[in-house]
2 protein chains.
Amino acid sequence: MQNTVIDQRVQLFIETCRRHHLKITPQRVAIYRVLIQSKQHPTADRVFRAVKKEFPNISFDTVNRTLLTFAGIGVVDVVETFGGPKRFDPDITDHHHLHCMACGRIIDFAYEGYARLEVPKTIASTFKVISRRVVLKGLCDACSPKQ
Amino acid sequence: MQNTVIDQRVQLFIETCRRHHLKITPQRVAIYRVLIQSKQHPTADRVFRAVKKEFPNISFDTVNRTLLTFAGIGVVDVVETFGGPKRFDPDITDHHHLHCMACGRIIDFAYEGYARLEVPKTIASTFKVISRRVVLKGLCDACSPKQ
DNA sequence: TCTTAAATAGGATTAATTCTTATTTGTCAA
DNA sequence: TTGACAAATAAGAATTAATCCTATTTAAGA
Ligand SMILES: [Mn+2]
Ligand SMILES: [Mn+2]
Ligand SMILES: [Zn+2]
Ligand SMILES: [Zn+2]
């Protein structure tokens with residue numbers, strides 16, 4: 001990702017924090033920067049270890065709490081998993097996920113065909129739908145048995 | 001669920017166990033019976049507490065290990081969650097989920113419109129897709145703010 | 001029946017997350 | 001620019017979920 005693109009996203013992030021009356025701390029900015037540069041839907045621990053390089057005595061709790069705060073104001077998503085630690089997604093635009101059952105990778109994909117997954121009337125009338133996503137389980141190319 | 005229907009499913013379950021050379025233990029049968037009568041995608045702990053009424057000194061580990069064994073032979077599913085303990089689904093037929101963000105309920109729904117979510121070619125060529133599901137996040141009727 | 005590998009109970013251990021508290025720091029108003 | 005103060009942080013304790021270890025029991029096939 002280009003530096004200018006990163007800086008733009010950080011700028012938007014800062015504005016969102018202000019709108020929610022959250023203080024702009026260097027820890028929060030560092031965590032957000034790590035997050036948007038990660039391609040792997042990282043766990044809190046992965047983010048922690050990456051941020052620690054810049055902030056050697058940041059605590060795990062701060063990273064974890066901050067990620068949950070970010071999810072609360074909608075700047076990141078907590079993504080669906082099948083057990084194990086929570087995983088975070090800095091891409092909050094519409095997209096879908098393939099979960100590799102072997103290595104645990106979560107691979108993003110967009111697809112026109114799912115563009116507007118309409119919600120069945122019976123559901124739409126009883127539930128308030130906030131987000132929708134297609135979740136595929138399978139094996140990624142690296143994990144598929146080759147022949 | 002009718003007793004005859006339950007017994008039929010238990011019978012099929014027993015045959016599946018035999019095919020996989022798993023011993024038919026009273027604990028396994030009891031766990032399976034609890035599971036197919038639960039409507040709530042229970043956690044291992046919930047199953048444990050229910051089975052404990054019948055088997056007062058069954059251990060949590062047995063229940064948990066058994067549920068994972070069942071998932072291994074495909075008689076139950078581990079369903080997607082957004083953190084927290086694993087949840088199990090005895091309904092292995094195609095269906096979709098709505099997750100209530102407020103109370104944590106996972107509500108099943110089937111929908112013709114999603115009947116065969118075709119997988120984009122770019123994905124199908126690189127990944128082996130095992131299962132597909134639409135996952136909605138939202139608020140259930142009980143949790144939606146009434147007006 | 002007898003044998004044996006598989007399964008279980010119970011407790012210990014590890015991993016993930018959340019809580020508690022003393023200290024520090026952004027923010028805002030003077 | 002400087003204080004006041006609520007919000008945020010670090011560090012460690014506590015809690016919760018999952019897994020491991022080991023002695024004992026048991027289902028299933030010979
Ligand atoms: Mn994603
Ligand atoms: Mn279900
Ligand atoms: Zn993989
Ligand atoms: Zn609800």
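Below, chain A is the first sequence line, B the second, and so on; all start at residue 1.
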**OP:** Find the distance between CD (B:Glu54) and CD (B:Gln27) and round it off to the nearest 0.5 Å.
**Re:** 10.0 Å
Subject >> N/O (side chain, A:Asn64) to phosphate O (OP1/OP2, C:dA16) under 4.0 Å >> reply: no
**OP:** Please determine if B:Arg87 and B:Asp45 form a salt bridge, counting it only when a charged side-chain N lies under 4.0 Å from a carboxylate O.
**Re:** no
Original post:
With a 4.0 Å cut-off on heavy atoms, is A:Leu68 in touch with a base, just the backbone sugar-phosphate, or nothing at all?
Top reply: sugar-phosphate
Subject >> Protein-nucleotide distance (A:Arg18, atom CZ; C:dC28, atom C1'), rounded to Å >> reply: 13 Å
**OP:** Answer yes or no: is there a donor N or O on one side and an acceptor on the other, between the side chain of B:His41 and the main chain of B:Ile106, under 3.5 Å?
**Re:** yes
**OP:** State whether a side-chain donor-acceptor pair under 3.5 Å links A:Asp61 with A:Ser59.
**Re:** no
Original post:
Whole-Å distance between C:dT8 C1' and B:Leu67 CG?
Top reply: 15 Å
Subject >> Spacing between B:Asn57 atom CG and D:dT26 atom C1', to the nearest angstrom >> reply: 15 Å
**OP:** Report yes if at least one side-chain N or O of A:Ser59 is closer than 4.0 Å to OP1 or OP2 of D:dA11; otherwise report no.
**Re:** no
**OP:** Would you mind classifying the nucleic acid contact of B:Pro26 as base, sugar-phosphate or nothing, using non-hydrogen atoms under 4.0 angstrom?
**Re:** sugar-phosphate
**OP:** Kindly point out which of D:dG12, C:dG10, C:dG26 is positioned nearest to the side chain of A:Asp61?
**Re:** D:dG12
Original post:
Given atom CD1 of A:Ile31 and atom P of D:dA10, what is their separation to the nearest angstrom?
Top reply: 8 Å
**OP:** Between B:Lys23 and B:Ile58, just flag the one whose closest nucleotide in DNA chain C comes earlier from the 5' side.
**Re:** B:Lys23
**OP:** Send over the distance from B:Ile14 CD1 to D:dA28 P, rounded to a whole Å.
**Re:** 9 Å
Original post:
Are the aromatic ring centres of B:His96 and B:Tyr111 under 6.0 angstrom apart?
Top reply: no
Subject >> Shortest side-chain distance from B:Arg65, nucleotide among D:dA8, D:dT19, C:dT8 >> reply: C:dT8
**OP:** Step through it carefully: locate the ring centre of A:Phe70, locate the ring centre of A:Phe88, and say whether they are under 6.0 Å apart.
**Re:** no
**OP:** Check whether any side-chain N or O of A:Thr25 sits under 4.0 Å from OP1 or OP2 of D:dT9, and answer yes or no.
**Re:** yes
Subject >> Residue closer to the 5' end of DNA chain C, B:Gly83 versus B:Pro56 (nearest nucleotide) >> reply: B:Pro56
Subject >> Any B:Lys86 side-chain nitrogen or oxygen under 4.0 Å from OP1 or OP2 of C:dA16 >> reply: no
**OP:** Tell me what A:Arg28 touches on the nucleic acid: a base, only sugar-phosphate, or nothing, going by heavy atoms under 4.0 Å.
**Re:** sugar-phosphate
Subject >> A:Arg46 CZ to C:dA15 P, straight-line distance once rounded to whole Å >> reply: 15 Å
Original post:
Taking the nucleotide of DNA chain D with the closest heavy atom to each, which residue, B:Leu22 or B:Gly84, is nearer the 5' end?
Top reply: B:Gly84
Subject >> N/O (side chain, A:Gln27) to phosphate O (OP1/OP2, D:dA10) under 4.0 Å >> reply: yes
Original post:
Between D:dA28, C:dT27, D:dA11, which nucleotide gets closest to the side-chain atoms of B:Ile24?
Top reply: D:dA28
Original post:
Atom CD1 of B:Ile73 to atom C1' of C:dA7: distance rounded to whole Å?
Top reply: 14 Å
Original post:
Atom CZ of A:Phe55 to atom P of D:dA11: distance rounded to whole Å?
Top reply: 13 Å
